[in-house]
Structure formats: structure tokens, C-alpha cells
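Written out below as C-alpha cells is the structure these notes cover.
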Amino acid sequence: MVCKGERFIIRTEEDASSYVCPNKHTDRPDEAGSYPNMTILGDEPAQPGGCDPDDSVNFHYVHITTLPVGACVGEHYHHTNEQFYLVLKGKAEITLCGQKFQVEPYTIAVIRPGGKHGIRNIGTEDLVYVACEIEPARKYPYELEEAFAAEKA
């Protein structure tokens with residue numbers, strides 16, 4: 001059921017696009033193979049989907065990702081976007097700006113623009129988490145400092 005109004009969208013799992021996300025990142029050798037992904041909102045060009053990319057000007061995507069035991073999404077960063085991981089099932093090691101955190105369900109990790117991050121399944125069952133990437137609503141002090149420095153240069 002997809003229902004869109006002028007000021008809302010509701011979408012269920014039945015409407016979501018499910019696919020296997022291949023490892024296309026040869027520059028990230030620690031990223032483990034392919035893994036199941038489901039896009040419930042948005043549409044990222046790098047990953048096939050079936051949702052409407054015009055659903056939101058702020059949300060790039062909302063994924064539900066399943067990482068098999070030992071699999072990971074290697075460390076990477078987004079220049080201008082914020083992202084969060086919300087662990088739903090399993091045990092994860094989340095790396096944030098070089099620091100490693102072992103987490104369990106209902107842990108959220110918020111990654112601000114430019115923050116290097118990755119996630120690995122360190123448990124004995126599938127790791128299931130929500131990943132959401134958005135345009136930040138405001139600039140953080142470090143972004144303002146970098147922008148100010150660039151203007152002066």
C-alpha cells in the first residue's frame with residue numbers, strides 16, 4: 001500500500017524494492033561481498049531500487065539491510081549528508097571516525113557530514129539494521145568553519 005498526500009507518504013514492506021547490493025567498491029577491500037537490501041524510501045542511483053526518487057528532497061534513502069555473519073560495509077564517508085544506523089537484530093561492530101563500538105539491537109549511530117563510518121556483523125546470526133541518509137537541516141560548526149576558511153582563501 002502506497003499512499004501519498006500533499007504532506008505525507010506512507011509505504012509498506014510490500015511496496016519496497018528488494019535487491020542484492022553488490023560490492024562495487026574496489027577501493028574498499030574490507031567491504032565484504034554482496035548483501036540483501038530493501039529500499040523503503042528514496043532511490044539511490046548506485047543501488048537499484050523501485051521507489052520514487054522525488055518522494056523527499058531531504059531523504060536520500062531509507063534501507064533495511066541484512067548482513068550475513070562476518071559481512072561488512074567498509075568504512076566510507078559522505079561529504080554533505082547525514083546518516084544513521086539503527087540496529088534491529090544481531091550484534092554489530094560500528095566504526096565511527098576510527099573508533100570501534102560493539103553494539104546490540106536498538107542502538108543508533110548518527111554519522112554527521114564527513115564522518116567516516118562502517119558496520120560489520122560480529123554476531124552468530126544475520127545483522128539487520130536500518131540505514132537512513134538525509135540532507136542535514138543545518139550546518140554544524142565545523143562545516144561553517146571550513147566554509148568560512150574556503151571563502152577567505
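Counting begins at 1 with the first residue of the sequence. Given the structure is predicted, the values throughout are model-derived calculations rather than measurements.
Grouping the Ile, Leu, Val, Met, Phe, Trp and Tyr side chains by contacts below 4.5 angstrom, directly or via other members, places I108 with V128.
Taking 4.5 Å as the limit, every side-chain heavy atom of P113 sits out of range of all side-chain heavy atoms of H79. Side chains of L127 and I119 form a contact here, defined as non-hydrogen atoms less than 4.5 Å apart.
In this structure, the side-chain hydrogen bond (donor to acceptor under 3.5 Å, both in side chains) partners of N81, at least two apart in sequence or on a different chain, are H60, E133. Evaluation of the side-chain contact (heavy atoms from CB on, under 4.5 Å) rule for V130 yields V62, I64, F84, L86, L88 as partners, not counting sequence neighbours. For T66, there are no side-chain hydrogen bond (donor to acceptor under 3.5 Å, both in side chains) partners at least two apart in sequence or on another chain. Scanning for ring pair (Phe, Tyr, Trp, His ring centres under 6.0 Å) contacts around Y85 gives H117, Y129, with sequence neighbours left out.
Between H76 and H78, the ring planes lie perpendicular to each other; the angle is over 60°, past the 30° to 60° tilted range.
For the residue pair Y77 / Q83, no side-chain donor-acceptor distance below 3.5 Å is found, with atom types taken as modelled.
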All N/O donor-acceptor pairs, side-chain side in residues 93-102, below 3.5 Å, sequence neighbours left out:
{"unit_1": "T95", "atom_1": "OG1", "unit_2": "K100", "atom_2": "NZ", "d": "3.3"}

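Remark: side-chain polar atoms of N121 are not paired, donor with acceptor, to backbone N or O of A71 under 3.5 angstrom.
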